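Chain letters run A, B, ... following the sequence lines, proteins first, then strands; residues in each count from 1. Only a predicted model underlies this, so the values are computations on that prediction, with no experimental measurement involved.
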There are 2 protein chains.
Amino acid sequence: MNRAEAAEACADRARVRDREATRQRILDSARELFTSSGYAQVSSRMIAAHAGVNVALINRYFGAKRGLLAEVIASEAVFPGIFEGDVQTLPRRLAEYMVRRFNEEGTPLQRALEHSGSDPDLQTVYQERLRNAIIDPLADYIGGPDARVRASLVASLLVGVTVLRRSGGAASLAGQDPTAMVRRLEHCIAACLDTEVG
Amino acid sequence: MNRAEAAEACADRARVRDREATRQRILDSARELFTSSGYAQVSSRMIAAHAGVNVALINRYFGAKRGLLAEVIASEAVFPGIFEGDVQTLPRRLAEYMVRRFNEEGTPLQRALEHSGSDPDLQTVYQERLRNAIIDPLADYIGGPDARVRASLVASLLVGVTVLRRSGGAASLAGQDPTAMVRRLEHCIAACLDTEVG
DNA sequence: TTGACAAGTCAACACTGTTTACTTATACCG
DNA sequence: CGGTATAAGTAAACAGTGTTGACTTGTCAA
C-alpha cells in the first residue's frame with residue numbers, strides 16, 4: 001500500500017495536501033453548519049473541527065469568517081426557476097413559492113439567513129445578495145416604469161414575510177389554508193408590482 | 001459641604017449608592033449606544049464605561065446583555081400615534097410614516113433594530129416586540145375577518161422595507177419622490193389589508 | 001456603635017475571530 | 001536520484017467578547 005492509497009483509505013488523518021480539496025471541505029462544512037444552526041451560532045473552530053482542518057486555514061482561504069459565508073451564499077439559488085414563464089403570472093408563482101417554503105421549513109440557505117439575516121457581520125454580504133440575486137433580476141424581468149422601485153417593494157414583502165416566518169406573526173401566517181394564503185400573497189405582490197397607483 | 005452635596009457635585013466618582021439610579025444610568029447608556037451603533041457592535045464593557053459603572057452590574061441588574069436590550073426596546077414606541085384616527089386612512093398614515101422615517105434616518109431605536117434585527121441574541125426579543133407592539137395592536141385596530149393575517153402581511157411589508165432600507169434596494173426606494181413613494185406604499189399596504197382577494 | 005445587607009468591585013472563566021511565526025509535505029530541477 | 005523552493009498545514013498567542021463568583025465597602029436600622 002503506497003502513500004496515496006493510505007491517505008485515501010484513512011482520509012481523516014494524514015490527508016494528502018490538496019489546496020482545492022481542503023477549501024471545499026471547509027466550504028461544505030460551513031454550509032452544513034450555517035444551514036442547521038445559523039451564522040453567528042457557528043464558530044470558526046467548530047467549522048474547522050467539522051472539516052478536520054486547522055482553524056487558521058479558514059482565514060487563509062476565505063480571508064475571514066464572513067468571506068466563508070459570502071461564498072456559501074453565492075453558491076445558492078434564491079428563486080430557482082421563478083423567472084421562467086409569463087410576467088403576468090409572476091405574482092402567482094412567487095406567492096406559491098413563498099407559501100411552499102413557509103410550510104416546508106424553507107430551503108437550507110434561507111434558514112441560515114432567517115437565523116442571522118441582519119447580523120452585523122453579514123449585512124454587507126446579505127445586502128449585496130439581495131440586490132444581485134433578487135432585486136436586479138426581478139427588475140429586469142418585470143420591466144416597465146419604475147421597475148427597480150416595484151421590484152424593491154416585492155423584495156421587501158418577501159424579505160418581511162421571511163423575517164416574520166418564525167416569529168409570533170409567522171404563526172398567524174403559517175397556520176392558514178395554503179391556497180387562501182397564496183391568493184392573499186399574490187394579491188399583495190401584484191399590488192407592489194402595479195405601475196399605476198393612485 | 002456635606003457628603004450628599006459632595007456626591008452630587010462630583011457625580012462621576014464616589015457616587016451615592018442608589019440601585020434605581022444606577023440601573024437607569026445603565027439603561028440610558030445602553031439606549032444611546034445601541035441606537036447609534038447597533039446591538040452587536042456595542043460591548044457590555046463599553047456600556048458600563050459610558051455609564052461610569054462596573055461591568056458586572058449589567059448582569060446583576062439585567063441578567064444579561066440581551067435583557068438590557070429587551071428593556072430598551074420595551075421602552076420605545078413603535079408607531080407613535082398611528083392608531084389614532086380613521087381605519088380607512090391607516091394605509092396613508094403608515095405609508096407617510098414609513099417614507100418620513102426613510103428619509104429622516106429613522107427613529108433611534110428603529111436604527112438599532114435595522115442594524116441587528118435578526119442577531120441571534122435578539123431574535124426572541126425582536127419577535128416578541130414584533131407581535132406585541134405591531135401585529136397584535138394592528139390586528140385589533142383593523143378588525144374584520146383574518147385580522148391577524150392581514151396585520152401580519154402589513155407588518156411583513158414594513159419590516160421588509162426597513163430591512164431593505166440601507167441596502168442596495170434602499171437606494172432605489174429612498175431616492176424616489178416622497179409623495180409618489182407614499183402613494184405607492186399606501187397602495188401596497190391597502191392591498192395587504194384587503195379582506196377580499198381575488 | 002455595631003451588625004446586616006445591599007451595592008459595587010475585581011479577577012477570572014471560557015469563548016470568539018484573527019494573526020504570526022513556525023513546521024512539514026510536495027513537486028520540481030539539476 | 002537528491003536537494004531544495006514553495007506551498008500547505010500547524011500551534012500558540014493576541015485582543016476582544018459575555019458572564020460569573022468571591023470579595024470589599026458603603027449605608028441604614030437597631
What's the closest nucleotide to the side chain of B:Ser43 if the choices are D:dT17, D:dA8, C:dT16?
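Side chain of B:Ser43 sits closest to D:dT17.
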
Please evaluate residues A:Arg150 and A:Asp194 with respect to the criterion salt bridge (charged side-chain N to carboxylate O under 4.0 Å, His left out), reporting the C-alpha separation (whole Å), side-chain torsions for both, the decisive distance (0.1 Å), and the verdict.
CA-CA 7 Å; A:Arg150 292 182 290 134; A:Asp194 279 343; over 6 Å; no

Set out, in order, the CA-CA distance, both residues' side-chain angles and the distance that settles side-chain hydrogen bond (donor to acceptor under 3.5 Å, both in side chains) for A:Thr22 and A:Arg17, then state yes or no.
CA-CA 8 Å; A:Thr22 303; A:Arg17 292 187 166 186; over 6 Å; no

Taking N or O atoms only and anything under 3.5 Å, show me the protein contacts with nucleotides 23-25 of chain D, one pair per line.
from   : atom 1 : to      : atom 2 : distance (Å)
D:dT25 : O2     : B:Arg17 : NH1    : 2.7
D:dT25 : O2     : B:Arg17 : NH2    : 3.3

Closer than 4.0 Å, any side-chain N/O of B:Thr22 to the OP1 or OP2 of C:dG8?
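The answer is yes; a side-chain N or O of B:Thr22 sits under 4.0 Å from OP1 or OP2.
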
With a 4.0 Å cutoff (strictly under), does any side-chain N or O of B:Asn59 reach OP1 or OP2 of D:dT20?
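B:Asn59 to D:dT20 OP1/OP2: side-chain N or O found under 4.0 Å.
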
Can you tell me how far [atom2] of [N] sits from [atom1] of [X], to the nearest Å?
X: B:Arg45; N: C:dT9; atom1: CZ; atom2: C1'; value: 13 Å
X: B:Glu20; N: C:dA6; atom1: CD; atom2: P; value: 15 Å
X: B:Leu69; N: D:dT17; atom1: CG; atom2: P; value: 17 Å
X: B:Ile26; N: C:dT9; atom1: CD1; atom2: C1'; value: 13 Å
X: A:Phe62; N: C:dT18; atom1: CZ; atom2: P; value: 13 Å
X: A:Gln24; N: D:dA8; atom1: CD; atom2: P; value: 15 Å
X: A:Leu57; N: D:dT10; atom1: CG; atom2: P; value: 6 Å
X: A:Lys65; N: C:dT19; atom1: NZ; atom2: P; value: 15 Å

Keeping the roles fixed (side chain from B:Asp18, backbone from B:Ala21), state whether a donor-acceptor pair exists under 3.5 Å.
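Present.
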
If you assign B:Ala56 and A:Ala56 each to the DNA chain C nucleotide with the nearest heavy atom, which residue ends up on the more 5' nucleotide?
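Mapping each residue to its closest nucleotide by heavy atoms, the 5'-most match is B:Ala56.
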
5'-most by nearest nucleotide on DNA chain C - B:Asp18 or A:Ser44:
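Residue closer to the 5' terminus by nearest nucleotide: B:Asp18.
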
For B:Val42 and A:Asn54, take the nucleotide of DNA chain D holding the closest heavy atom to each; which residue's nucleotide lies nearer the 5' end?
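Whichever sits nearer the 5' end wins; that is A:Asn54.
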
Scan side-chain atoms only and decide if A:Arg93 and A:Thr89 contain a donor-acceptor pair under the 3.5 Å cut-off.
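Their side chains do contain a donor-acceptor pair, which is all the 3.5 Å distance test asks for.
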
Any cation-pi pair here, B:Lys65 with B:Phe34, using under 6.0 Å and within 45°?
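No, B:Lys65 does not sit over the ring of B:Phe34.
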
Answer yes when A:Arg31 and A:Asp28 have at least one side-chain N-carboxylate O distance shorter than 4.0 Å, and no when they do not.
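Salt bridge flag = yes for A:Asp28 with A:Arg31.
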
Look at the side chain of B:Arg66 against the base of D:dT19 and say whether a donor-acceptor pair falls under 3.5 Å; ignore hydrogens and angles.
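No.
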
Just checking A:Tyr61: base, sugar-phosphate only, or nothing, at a heavy-atom cut-off of under 4.0 Å?
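The answer is sugar-phosphate, as A:Tyr61 gets under 4.0 Å only of primed atoms, P, OP1 or OP2.
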
Is any side-chain heavy atom of A:Leu138 closer than 4.5 Å to a side-chain heavy atom of A:Ile82?
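Of all side-chain heavy-atom pairs linking A:Ile82 with A:Leu138, none is under 4.5 Å.
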
